[in-house]
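Letters go in sequence order (proteins before strands), and every chain restarts at 1. Just the heavy atoms: all of them, side chains too, but no hydrogens, waters or symmetry mates, feed the values below.
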2 protein chains.
Amino acid sequence: MLSKKTKYGLKALTYIARSEEDAPVQVSAIAKNENIPQKFLESILLTLRKAGILGSKKGKHGGYYLRYEPSEIKMTDVMRVLEGPIAMVPCVSLNYYEKCDDCPDEHKCSVHKLMVEVRDSTLKVLRNTSLADLSNIDL
Amino acid sequence: MLSKKTKYGLKALTYIARSEEDAPVQVSAIAKNENIPQKFLESILLTLRKAGILGSKKGKHGGYYLRYEPSEIKMTDVMRVLEGPIAMVPCVSLNYYEKCDDCPDEHKCSVHKLMVEVRDSTLKVLRNTSLADLSNIDL
DNA sequence: TATTAATCCTATCAATTTAGTAGGGATTAC
DNA sequence: GTAATCCCTACTAAATTGATAGGATTAATA
């Protein structure tokens with residue numbers, strides 16, 4: 001299951017990408033328009049800022065803005081920040097590899113084999129999709 | 001994250017597929033050889049049996065066996081039984097569709113769009129992989 | 001400079017899910 | 001009849017999720 005955190009985060013990014021008017025977008029506006037609990041959303045956008053995807057401006061007329069062009073914000077990056085590793089098991093994770101305690105030999109493990117394939121196919125999609133793809137309304 | 005339940009279930013199925021000797025395989029043997037807590041494994045195999053993937057024989061010399069040829073047991077089926085829907089959000093689930101409470105229009109939802117693609121690519125892998133593929137040792 | 005509107009930060013919490021454990025019942029081979 | 005095996009229900013500790021609460025900090029502007 002995709003967490004609400006990731007879901008909300010993606011929606012917020014899309015919202016910001018769509019309303020590029022050179023002015024930062026306020027959390028309150030996103031929360032209202034996308035039906036997201038504001039306080040929860042605050043913490044999510046904070047995470048995205050700390051990860052370098054969003055920038056922020058404090059104080060009156062402050063808000064959040066994209067640090068890069070939508071086409072440069074890959075879904076792999078967003079998903080890793082919000083949802084964690086792409087791989088479904090640590091033993092096939094590219095960035096957060098960890099050996100399984102059970103499982104003497106990884107190369108003979110059937111789960112490993114399957115999860116490598118799932119990871120690769122998911123990666124392919126996420127690498128080839130950017131925020132720009134999500135934000136274009138035209139279907 | 002893949003649950004331990006699914007992981008253990010896959011390992012158990014592989015174990016059974018590999019040791020086809022016309023005799024049912026005991027939970028204790030699987031648990032021991034695959035480093036799985038026996039009682040936990042019991043409940044997992046029970047689930048697989050109720051789902052029609054495994055058959056069982058009670059009493060002395062009893063155990064579990066595959067109801068179909070390994071090549072006929074698709075990963076889509078196993079994953080749905082153990083892990084639940086393939087889709088990461090209910091609104092893109094083929095078998096367990098559910099509308100999101102937020103999200104007025106699904107077709108304009110960026111998350112929906114992305115998750116359809118992820119689902120399709122995962123499905124492709126799981127549909128094309130059978131227990132036979134997992135069980136063959138030769139890499 | 002005082003006010004207001006924002007982000008920023010920490011702490012807390014209820015509900016759910018996960019990963020088991022415990023204990024015994026039912027069935028079958030020998 | 002005894003031992004081995006699956007079957008079933010109930011319970012539980014720990015982790016995760018999806019928030020909420022309360023305020024600190026910062027900046028625009030009247």
A.B. asks: Quick one: is D:dG18 close enough that its OP1 or OP2 comes under 4.0 Å of any side-chain N or O from A:Tyr8?
C.D. replies: no

A.B. asks: Output the rounded distance in Å from NZ (A:Lys4) to C1' (D:dT16).
C.D. replies: 15 Å

A.B. asks: Check for a donor-acceptor pair, side chain of A:Arg119 on one end and backbone N or O of A:Val92 on the other, with a separation under 3.5 Å.
C.D. replies: yes

A.B. asks: Between C:dT7 and A:Arg49, is there an OP1 or OP2 to side-chain N/O distance shorter than 4.0 Å?
C.D. replies: no

A.B. asks: Both A:Leu46 and A:Lys60 contact DNA chain C. Which one's nearest nucleotide lies toward the 5' end?
C.D. replies: A:Lys60

A.B. asks: In whole angstroms, how far is the C1' atom of D:dA28 from the NZ atom of A:Lys57?
C.D. replies: 8 Å

A.B. asks: Of B:Gly62 and A:Ser43, whose closest DNA chain D nucleotide lies nearer the 5' terminus?
C.D. replies: B:Gly62

A.B. asks: Assign A:Lys7 to base, sugar-phosphate, or nothing according to its heavy-atom contacts below 4.0 angstrom with the strands shown.
C.D. replies: nothing

A.B. asks: Can you confirm whether more than 12 heavy atoms, excluding those of B:Gln38, are under 6.0 Å from its CD atom?
C.D. replies: yes

A.B. asks: Between the base of C:dC8 and the side chain of A:Glu42, is there a donor-acceptor distance below 3.5 Å?
C.D. replies: yes

A.B. asks: So, does A:Ser56 get its side chain near the phosphate of C:dC8, meaning an N or O under 4.0 Å from OP1 or OP2?
C.D. replies: yes

A.B. asks: Measure the distance from CG on B:Leu45 to P on D:dT5 and round it to the nearest whole Å.
C.D. replies: 14 Å

A.B. asks: Can a side chain N or O of B:Ser3 be found less than 4.0 Å away from OP1 or OP2 on C:dT17?
C.D. replies: no

A.B. asks: In whole Å, I'd like the distance from the NE2 atom of B:His61 to the P atom of D:dT5.
C.D. replies: 7 Å

A.B. asks: Can you find a donor-acceptor N/O pair under 3.5 angstrom joining the side chain of A:Lys39 to the base of D:dG18?
C.D. replies: no

A.B. asks: At under 4.0 Å, does any side-chain N or O of B:Lys5 touch on OP1 or OP2 of C:dG20?
C.D. replies: no

A.B. asks: Can you find a side chain N or O atom of B:Tyr64 that sits less than 4.0 Å from OP1 or OP2 on D:dT5?
C.D. replies: no

